[in-house]
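All chains are named by letter (A, B, ...) in the order of the sequence lines, taking the proteins before the strands, and each is independently numbered beginning at 1. All values below come from the heavy atoms of this structure, side chains included, with hydrogens, waters and symmetry mates left out.
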2 protein chains.
Amino acid sequence: MSKVQTGHPTLADVARLAGVSRQTVSNALNNPDLLRADTLERVRQVIEELGYSPNRAARNLRMRSSSLIGLRMHAVQEGTANAAMDRFIHSLVAASEQAGYHVLLFDGVGEDPVTGYADLLRATAVDAFVVTDTFLGNPQAKWLHEHGAPFVAFGRPWDAEAPRHSWVDVDGAAGTRLATEHLVEQGHTRIAWLGWRHDSPIGQDRRTGWEATMRDHGLATDDLDARVLDSVEDAARAAATLLDTAAPTAFVCASDTLAMGVLHTLWIRQIAPGRDVAVVGFDDSQVAQVFPVGLTSVRQPLEDVAVEIVRILSSLLGGRGAQPEGVLLAPTLAVRESSLRA
Amino acid sequence: MSKVQTGHPTLADVARLAGVSRQTVSNALNNPDLLRADTLERVRQVIEELGYSPNRAARNLRMRSSSLIGLRMHAVQEGTANAAMDRFIHSLVAASEQAGYHVLLFDGVGEDPVTGYADLLRATAVDAFVVTDTFLGNPQAKWLHEHGAPFVAFGRPWDAEAPRHSWVDVDGAAGTRLATEHLVEQGHTRIAWLGWRHDSPIGQDRRTGWEATMRDHGLATDDLDARVLDSVEDAARAAATLLDTAAPTAFVCASDTLAMGVLHTLWIRQIAPGRDVAVVGFDDSQVAQVFPVGLTSVRQPLEDVAVEIVRILSSLLGGRGAQPEGVLLAPTLAVRESSLRA
DNA sequence: TTCGATGATTGGAACGATCCACACGGCCGG
DNA sequence: CCGGCCGTGTGGATCGTTCCAATCATCGAA
């Protein structure tokens, strides 16, 4: 042939060298059981030899799919929350790879919350989305649902009674329940709650676990319940007030940031975390792990979340128009010095 | 026409409705100045009306490019370092979007370090790579260079004398210089260095800034130089030893993790950070920001790094086979309570 | 008036894979 | 002996875009 071998080898190149048709090579890759054993072996040999990989663009065009999952990066907030984001993204990439997908990141800062989604969708640049910012009556979920775009949300659709789309979430109440039970086991009876002031469903959910556990053990909660903004300073002040008025011996917090505030107050008052007063945070962020007095914290099973999300996405894209599915996963407790008497 | 409108509109649909040829529509998008003004307007009208976006797969196939930049997630380490990773990824996504690219994440854990790169490259799934894990004589960079794959490294090629590829990096020495100068201004003269034991070029680089600045000011360094593993406990021990033997009034650390160790020792000894002994960390991680006594820390300009990387990548892909280019950016100092006398 | 140059637009070919309908040979049952 | 079926394998058509060469109209200069 006069065709000069410049770029990557193509299906046709493999076919020519193996002495078969293009279709047969294609089958060798996608439907190996259609080929006779010896033919398959011969084709595979040539593929190996040439270092051939099917061209993604061509496959995408014909298949009308990209094997890409879109994930939108949302604005960098300075809290401890997006430390978890890093772990989640990593898990999602790993899980996606297992299922033959890659993760495409995009950005929608400062614009209409759905433009990024719309563009990628219209251009058929991604097959599906993972929506993470469900904290506030997520317009994305609604929009995607209306446009028939396949997606799975990380986070429950709090606003809707009947979930119209699939989601995976972590059971916050189960997390604070774990934390509270752990503190009760350590002999604490006056366990305070330090949560968020604003009525986020997530905050409510987390508070529920503490309250229910306290009730189960017949422990008082009335004067041990404080809500502030998610800042170290506000938490420090609230902790000081609580210590003065209600003398708690332990704190369960809605976030690691709040827990840091408590630790700050303890530090100022020369109270030893763990030995004198126990503290438990939420999210198991970098901060909890690196803080000199290791901070006990509720850890979200983000690896499992990612696996579940990819599983649901796969079945969604597999064609089976299955019912919307919701998965609630239980967190674990990373126990460190801040909640141990020893 | 008998063609039923099921999926997304195509170039041909637009052309038919606008009464022009497909090529003209294509030009309207890619070479608007080739069209007469009124034709352009008419085509644009129809595009708007139909909500048309060119199909990515088809474009990619024809153009032999994907407008995707590959970034490999490396293993999640528990240190403070990968907190910066999150910020970097976000910046890279934003910068890429500006230049018309998207970021594709992939994963190469546990495998041959180059397999992930090889697969994506052969399949022409990405146009270029950003290599971030240059800490150890990066085999990736070598491999990519040999295979003629376009890429930019975040991190200097320490091993090579003459850089064969483009890179962008942050000047660590300039960072610790900033930190040390800041401490000198605060009246400190006995400023200790707490660095890493292992001889990483990055660690050496950071140490240089401290040492040179001390020398410039005629300050002693001999007994103020300690190296440990990158762990809170080891750093705490080293800080204790230094305080006993050399009585430093300030610490410059190679990482926020090490700084946390110093703060831990100060806490145990009832020494007030900032007022009594100053501490400066490196990386401005979550920890530095959320720690009750805000930790002064060297902050890498990751946003600028991302912009530079994308700029170089664009020129690389633009066809101009320019010379390999190296860019060194200066960090800034995020000053907080841990280094202030007040 | 004719010619070449320029501007605006066009139809066909190509990118490289998969889908589809069909061909070929062998095997079985009638 | 023939018709149908199954296991294999083939060649065209197709996905939606951009590249290429050619076309047509317009205009100024010879």
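For B:N31 and D:dC19, the CG to P distance is 8 Å, given to the nearest whole Å. Distance, B:L11 CG to D:dC15 P: 14 Å, rounded to whole Å. Going from atom CZ of B:R56 over to atom C1' of D:dT17 covers 13 Å, rounded to whole Å. With rounding to whole Å, A:R16 atom CZ is found 16 Å from D:dT10 atom C1'. Nucleotide C:dT18 holds its P atom 12 Å from the CG atom of B:L61, rounded to whole Å.
Across its full length, the helix from C:dT1-D:dA30 to C:dG30-D:dC1 shows an angle of 60° between the axes of its 5 terminal pairs at either end, rounded to 10 degrees.
Taking only side-chain nitrogens and oxygens, B:R59 comes nearer than 4.0 Å to OP1 or OP2 of D:dT18. Phosphate contact (OP1/OP2 of D:dT17, side-chain N/O of B:Y52, threshold under 4.0 Å): present.
Residue A:N55 has its side chain nearest to C:dA17 when only C:dT18, D:dG16, C:dA17 are considered.
Heavy-atom distances to DNA chain C give each of A:V25 and B:M63 a nearest nucleotide, and the one nearer the 5′ end belongs to B:M63.
In this structure, B:R36 does not pair ionically with B:E41, as no charged nitrogen and carboxylate oxygen lie closer than 4.0 Å. Ion pairing between B:R311 and B:E325 holds under the 4.0 Å rule for side-chain N and carboxylate O.
Within 4.0 Å of A:N60, counting heavy atoms only, lies no atom of the nucleic acid at all.
A:V46 meets the side chain to side chain contact (heavy atoms under 4.5 Å, CB included) test with A:V14, A:L17, A:A18, A:L50; sequence neighbours excluded. Judged as a side chain to side chain contact (heavy atoms under 4.5 Å, CB included), and not counting sequence neighbours, A:R62 has no contacts.
Counting heavy atoms from C-beta outward, B:V131 and B:V152 have side chains that stay 4.5 Å or more apart.
The ring pair (Phe, Tyr, Trp, His ring centres under 6.0 Å) test with B:F154 is passed by exactly one of B:W167, B:F129, B:F88: B:F88.
A side chain to side chain donor-acceptor pair (under 3.5 Å) check over residues 94-106 of chain A, counting only residues at least two apart or in different chains, returns nothing. Screening residues 46-60 of chain A for salt bridge (Lys or Arg N to Asp or Glu O under 4.0 Å) gives no qualifying pairs among residues at least two apart or on separate chains.
In this structure, B:Y117 has its ring center under 6.0 Å from that of B:F106.
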Identify all pairs in which a protein N or O lies below 3.5 Å from an N or O of nucleotides 5-10 of chain C, and state each distance.
from   : atom 1 : to    : atom 2 : distance (Å)
C:dT9  : OP1    : B:T39 : OG1    : 2.4
C:dT9  : OP2    : B:R36 : N      : 3.0
C:dT10 : OP2    : B:S21 : N      : 2.9
C:dT10 : OP2    : B:S21 : OG     : 3.1
C:dT10 : OP2    : B:T24 : OG1    : 2.5

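In the interface, the side chain of B:R62 is paired with the base of D:dT18 through a donor and an acceptor atom under 3.5 Å apart.
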